[in-house]
Amino acid sequence: MEYIQKIDDMGGIIPTIEKGFIVREISDAAYRYQREIEEKKRIIVGVNEFVMEEEPVKIELFRVDPEVEKKQIERVNDIRKTRNNKKVKELLEELRRAAEKNENVMPYVLKAVKAYATLGEIIGTLKEVYGEYKPETII
Amino acid sequence: MSEGRKIRVLIAKPGLNSHDRGAKVVARALRDAGMEVIYTGLRQTPEQIVETAIQEDVDVIGISLLSGAHMAHIPRIMQLLKEKGLTDVLVIAGGTIPEEDIPKLKEIGVKEVFPSGTPLEKIVKFVLENAPKREK
């Protein structure tokens, strides 16, 4: 509750995010937590107390075949050639207008998806209107 | 290091993954150890990272990755560093990096890899001992 009060005092969640307060609080907590573990002020069994001596079990890792990337690129290129590009353009334009008017964009997103607009195209359109959140890089 | 300038470190977060808790914790630890630490922020391309390294004139680059894309981004960063003549910069990496990839990374010039769970002290010590010494 103390936190909620603090956030309210700063003008609500949006100003708090914009001022970098949230990001800073999280990174403060992360650093504190890590130090507590290392200084054994916080005990986690298996991490800093009763740690296993023997080598952990070898786990076989799943690796994605690079072929998959190639195939996926091909698929996207294919769809861009075979879909109705005029329609996609129109629908993205409608999406942009909806975003500009601050309407619910979901129906427009769905229409664009059904016409095979790519995720990149849809997000790209929205980004042009809304911009992009850049978290503070203060450490 | 009392006479030289402070060690300058760039903590870099390449690629699409946005989990930078570990990167920031390491950044803080290095700063608390008396270094000047710059953090690139999220979703950087190898080009942006190398550019920042040049602009900020850093001695050390710490690359943080846990998306599994380390074998895509780190070789590219190493190649760019070489192209730009930043060969004396100490490069280290950390995050979720499988043990079997560590030798491959070291082969291309990464000096040390610190997987998740590495004590901060160990990273700090390594950087203090291995950062290139410079005048001024």
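Note that these values count all heavy atoms, side chains included, but never hydrogens, waters or copies made by symmetry.
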| Transitively linked via ILVMFWY side-chain contacts under 4.5 Å: B/I63 with B/L42? | no
| Under the 6.0 Å and 45° cation-pi test, does B/R21 pair with A/Y33? | yes
| Proximal component of B/S18, with respect to chain A [non-hydrogen, under 4.5 Å] | neither
| query | Is the CD atom of A/E69 crowded by more than 12 outside heavy atoms at less than 6.0 Å? | reply | no
| Joint cluster assignment, A/V88 & A/I123, ILVMFWY side-chain distance < 4.5 Å | no
| Side chain, backbone, both or neither of B/V26 within contact of chain A (heavy atoms, under 4.5 Å) | neither
| Which residue pairs satisfy the salt bridge (Lys or Arg N to Asp or Glu O under 4.0 Å) criterion with at least one member in residues 114-132 of chain A, sequence neighbours excluded? | A/R80-A/E121, A/R83-A/E121, A/R96-A/E128, A/K127-A/E132, A/E132-A/K134, A/E132-B/R43
| task | Assess whether atom OH of A/Y133 is packed by more than 12 heavy atoms of other residues, nucleotides or ligands within 6.0 Å. | result | yes
| Is there a donor-acceptor pair under 3.5 Å between the side chain of A/Q34 and the backbone N or O of B/V25? | no
| So, are A/D28 and B/K24 salt-bridged, with charged N and O less than 4.0 Å apart? | no
| note | If one checks every heavy atom of B/D20 against chain A at 4.5 Å, the contacting part turns out to be neither
| said: Would you say that more than 12 heavy atoms from the other residues, nucleotides or ligands in this model lie under 6.0 Å from the OH of A/Y116, or not? | reply: no
| message | Within a 6.0 Å radius of atom NZ on A/K71, are there more than 12 heavy atoms belonging to other residues, nucleotides or ligands? | response | no
| Can you say whether A/R32 sits under 4.5 Å from chain B via the side chain, the backbone, both, or neither, judging by heavy atoms? | neither
| query | Hey, which of B/E121, B/E100, B/K13 has the most heavy atom pairs under 4.5 Å with chain A? | reply | B/E100
| note | Ranking B/D32, B/V37, B/T40 by heavy-atom pairs under 4.5 Å to chain A gives rank one to B/D32
| query | Are A/L92 and A/V109 linked, directly or through other ILVMFWY residues, by side chains that come within less than 4.5 angstrom of each other? | reply | yes
| hydrophobic_cluster_shared for B/V60 and B/I123, side chain cutoff 4.5 Å | yes
| message | Counting only non-hydrogen atoms closer than 4.5 Å, does B/A29 touch chain A with its backbone (N, CA, C, O), its side chain (CB onward), both, or neither? | response | both
| Min side-chain heavy-atom separation B/E99-A/L61 under 4.5 Å | no
| field | Distance (rounded to the nearest 0.5 Å) between B/M71 CE and A/R63 CZ | value | 8.0 Å
| field | Interatomic spacing from OG1 in B/T118 to CD in A/E38 - rounded to 0.5 Å | value | 9.0 Å
| query | What's the spacing between B/L120 CG and A/I37 CD1 if we round to 0.5 Å? | reply | 9.5 Å
